[in-house]
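Have a look at the structure below, then the notes.
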Amino acid sequence: QVQLVESGGGLVQAGDSLRLSCAASGRTFSSYAMGWFRQAPGKEREFVATISRSGGTTYYADSVKGRFTISRDDAKNTVCLQMSSLKPADTAVYYCAARPGYSGATYYSAYDYWGQGTQVTVSS
């Protein structure tokens, strides 16, 4: 089992950058593929990015490709989401998630563990 805690959200202006972090408890963090999702008010939770257990494979939603970068540091039990060129459409609660196994996934039902979320608000 793993517990996840996100941090780093906040209020920024369009065009700014922000770095989200997700700290995982437990000694088996390296056994999990990780993902980031987001949910805006009145909308369904949507996939943002995922990274494989090894960190060698990443995949992004088209809406964030080229602007967001997911990374992991197994020594620190963390996964990060570096966000740049932020847009008002990026405003949402961002969640990190973990799934056992090598590969990440783009659908939320594939993930077993979730953090509580961190709010990102981008003003125009």
Side-chain angles (χ1 to χ4, degrees):
Q1 189 171 357
V2 61
Q3 293 182 328
L4 305 172
V5 179
E6 302 95 335
S7 62
L11 172 63
V12 297
Q13 294 186 333
D16 284 352
S17 298
L18 203 58
R19 184 177 179 87
L20 304 183
S21 294
C22 174
S25 65
R27 295 175 292 177
T28 59
F29 176 73
S30 60
S31 300
Y32 294 87
M34 303 297 295
W36 284 96
F37 288 74
R38 67 187 182 187
Q39 188 166 18
K43 295 187 177 181
E44 294 186 350
R45 191 168 300 190
E46 66 172 359
F47 166 75
V48 175
T50 186
I51 188 166
S52 63
R53 187 175 65 191
S54 70
T57 302
T58 58
Y59 186 76
Y60 300 90
D62 287 343
S63 59
V64 307
K65 198 173 297 182
R67 299 188 299 122
F68 290 11
T69 301
I70 188 172
S71 61
R72 65 186 297 157
D73 185 340
D74 288 355
K76 297 181 179 179
N77 280 12
T78 59
V79 59
C80 293
L81 186 69
Q82 179 68 46
M83 306 184 294
S84 61
S85 301
L86 282 162
K87 306 174 182 179
D90 295 317
T91 295
V93 177
Y94 283 71
Y95 299 88
C96 73
R99 67 186 301 261
Y102 180 82
S103 299
T106 62
Y107 49 101
Y108 67 80
S109 61
Y111 292 82
D112 292 345
Y113 305 104
W114 293 83
Q116 83 290 347
T118 186
Q119 176 70 48
V120 172
T121 303
V122 184
S123 64
S124 57

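At least one side-chain heavy atom of Leu4 sits under 4.5 Å from a side-chain heavy atom of Cys22.
Residue Trp36 holds its CH2 atom at 13.0 Å from CZ of Phe47, rounded to the nearest 0.5 Å. Atom-to-atom distance recorded for Thr57:OG1 and Tyr102:OH is 4.5 Å, nearest 0.5 angstrom. With values rounded to the nearest 0.5 angstrom, Phe68 atom CZ is found 14.0 Å from Thr58 atom OG1. Atom CE of Met34 is separated from atom OG of Ser71 by 11.5 Å, given to the nearest 0.5 angstrom. With rounding to the nearest 0.5 angstrom, the CG atom of Asp73 is 4.5 Å from the OG1 atom of Thr78.
No more than 12 heavy atoms of other residues, nucleotides or ligands lie within 6.0 Å of NZ in Lys43, so this atom counts as exposed by the packing criterion. Applying the 6.0 Å contact sphere to CD of Gln3 captures no more than 12 heavy atoms from other residues, nucleotides or ligands.
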For a quick test of your reading: what N or O donor-acceptor pairs under 3.5 Å do the side chains of residues 79-90 make, sequence neighbours left out?
| residue | atom | partner | partner atom | Å |
| --- | --- | --- | --- | --- |
| Gln82 | OE1 | Arg19 | NH1 | 3.1 |
| Ser84 | OG | Arg67 | O | 2.8 |
| Asp90 | OD1 | Arg38 | NH1 | 2.9 |
| Asp90 | OD1 | Arg67 | NH2 | 3.0 |
| Asp90 | OD2 | Arg67 | NH1 | 2.8 |
| Asp90 | OD2 | Arg67 | NH2 | 3.4 |
| Asp90 | OD2 | Lys87 | N | 2.8 |

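For Tyr108, the side-chain contact (heavy atoms from CB on, under 4.5 Å) criterion is met by Phe37, Trp114, not counting sequence neighbours. The side-chain contact (heavy atoms from CB on, under 4.5 Å) test applied to Asp74 returns Phe29, Ser30, Arg72, not counting sequence neighbours.
Pairing each heavy atom of Gly8 with each of Leu18, the nearest pair is O-CG, 3.5 Å. Of all heavy-atom pairs between Ala98 and Tyr32, the closest is CB-CD2, 3.9 Å. When all heavy atoms of Gly115 and Tyr95 are compared, the closest pair comes out as O-CD2, 3.6 Å.
Between the side chains of Ser103 and Tyr59, no donor-acceptor pair is found at a separation under 3.5 Å.
Side chain of Glu6 to backbone of Cys96: a donor-acceptor contact under 3.5 angstrom is found. Formation of a donor-acceptor pair under 3.5 Å by the Tyr113 side chain with backbone atoms of Pro100 is not found in this model. A donor-acceptor pair under 3.5 Å is formed between the side chain of Thr91 and the backbone N or O of Val122.
The hydrophobic clustering, which links ILVMFWY residues whose side-chain heavy atoms are closer than 4.5 Å, places Tyr94 and Val2 together.
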